[in-house]
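Here the structure comes first, spelled out in structure tokens, and everything after it is commentary.
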Number of protein chains: 2
Amino acid sequence: MLSRKTKYGLKALTFLAKREENEPVPISVIAESENISQKFLESILLSMRKAGYLGSKKGKGGGYYLLKEADEIKVAEVYRILEGPIAMVPCVSLNFYEKCDDCPDEATCSVHKLMIQVRDNTLKIFENTTIEDIIIRA
Amino acid sequence: MLSRKTKYGLKALTFLAKREENEPVPISVIAESENISQKFLESILLSMRKAGYLGSKKGKGGGYYLLKEADEIKVAEVYRILEGPIAMVPCVSLNFYEKCDDCPDEATCSVHKLMIQVRDNTLKIFENTTIEDIIIRA
DNA sequence: TTATACCCTATCGGATTAGTAGACTTTACA
DNA sequence: TGTAAAGTCTACTAATCCGATAGGGTATAA
């Protein structure tokens, strides 16, 4: 399941990318347009800012704006920041590897290889899709 | 994330499929061999029985056994029974479709098409992988 | 008749998710 | 210089889900 957090994050990014000018947009505007709880969106945008994708400006006339071009922002990156690992099981995660604590041995685990396959496929999509692609296709 | 439920379910099925004879195997044996909480496994096997994949025999010498051949059990089916929808978002689920309650319009949703793509890819893997495949590859 | 093993219901603690509240800081502008 | 607009930060909450557990009930082989 995709969390709302990630979904909202992607929506907010595409919203910003679709604008003509890259001027600060208040959270309230994004929240209203995209039908997102404003307070929740605050924390999401903050994460994206700390990760270097968004800039912000305080005070009147302030808001959030993109720091990168839409075609430079991969879905995979956004997903990892907001959602976490792309793999369905920690023991096949590239960026968040962890041994499954219920599994004595990965080599003999019947699910392991299957999950690697799923990971590779999903990864291929997420790595090859940018915010720009999302805008074009939709 | 893949739940333990599904993971355990797949492990239990492969365990049964790997045996020479298709004779009833007590839950306790499967649980111990595969390192699974026995009580939890009970409910999982019960679900698989009700779905028609396993048969059971009560009393001494009883246990669970496969009702289908290993190459007739698709991962996709097991997944749907134990985990639920394969899609990451309800609005692109084939078997569990539901409108996303936060999304006013699917047609203009920026995430929708992306998630269809992910679903199709994952589905392809799960539909084309059987318990037998899992055994062979591992 | 007894031990074995599945069947069923209920419950529980912990984690996570989505959202809320409220105080604080920075800034534009009248 | 005061005020309203806007982001920042911390804390809290309600709801849900997950994995596991408890315990009694029922069927059956020996």
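Quick caveat: nothing in here was measured; it's all calculated off a predicted structure. Chain naming here is simple, since letters A, B, ... match the order of the sequence lines and numbering starts at 1 in each.
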Taking ILVMFWY side chains as joined if any heavy atoms are under 4.5 angstrom apart, and letting links pass through other members, which residues group with A/Y65?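 Under the 4.5 Å side-chain rule, A/Y65 groups with A/L67.
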Taking only N and O in the side chain of B/S43, is any of them less than 4.0 Å away from OP1 or OP2 of C/dC8?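 Checking B/S43 against C/dC8: no side-chain N or O falls below 4.0 Å of OP1 or OP2.
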Take the protein atom [atom1] of [X] and the nucleotide atom [atom2] of [N], then report the distance between them rounded to whole Å.
| X | N | atom1 | atom2 | result |
| --- | --- | --- | --- | --- |
| B/M1 | D/dC17 | CE | C1' | 15 Å |
| A/D101 | D/dC18 | CG | C1' | 13 Å |
| B/L82 | D/dC17 | CG | C1' | 16 Å |
| B/K7 | D/dG19 | NZ | P | 10 Å |

Just checking, is any N or O donor in the side chain of A/Q38 or A/S28 under 3.5 Å from an acceptor N or O on the other one?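 No, A/S28 and A/Q38 have no side-chain donor paired with an acceptor closer than 3.5 Å.
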Can you tell me if A/S93 uses its side chain to pair, donor with acceptor, with the backbone of A/V89 under 3.5 Å?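 No; judged by distance alone, with no hydrogens or angles, the pair does not exist.
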Flag, side chain of A/R119 to backbone of A/V92, donor-acceptor distance under 3.5 Å: yes
Taking salt bridge (Lys or Arg N to Asp or Glu O under 4.0 Å) as the test, write out the residues that go with B/R4, two or more places apart. A/D101
Please list, pair by pair, any protein nitrogen or oxygen found under 3.5 Å from a nitrogen or oxygen in nucleotides 15-21 of chain C.
residue	atom	partner	partner atom	Å
C/dA18	OP1	A/R4	N	2.9
C/dG19	OP1	A/R4	NH1	3.2
C/dT20	OP2	A/S37	OG	3.4

At under 4.0 Å between heavy atoms, what does A/K50 touch on the DNA or RNA strands: base, sugar-phosphate, or nothing?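 Result for A/K50 = sugar-phosphate.
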With a non-hydrogen cut-off below 4.0 angstrom, is A/L46 in contact with a base, only sugar-phosphate, or nothing?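 Sugar-phosphate only.
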Got a sec, which pairs hit ring-ring contact (aromatic ring centres under 6.0 Å, His included) with one end in residues 32-55 of chain A, sequence neighbours left out? A/Y8-A/F40
State plainly whether the residues B/R49 and B/E42 are in salt-bridge range, i.e. N to O under 4.0 Å.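 Salt bridge: no.
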What side-chain donor-acceptor pairs closer than 3.5 Å can you find for residues 129-138 of chain B, not counting sequence neighbours?
residue	atom	partner	partner atom	Å
B/T129	OG1	B/I125	O	2.7
B/T130	OG1	B/E132	N	3.3
B/T130	OG1	B/D133	N	3.3
B/T130	OG1	B/D133	OD2	3.2
B/D133	OD2	B/T130	N	2.8
B/R137	NH1	A/Q117	OE1	2.8

Restricting to nitrogen or oxygen on both sides, can you table the protein-nucleotides 2-5 of chain C pairs closer than 3.5 Å?
residue	atom	partner	partner atom	Å
C/dT4	O2	B/K60	N	3.3
C/dA5	O4'	B/G59	O	3.3

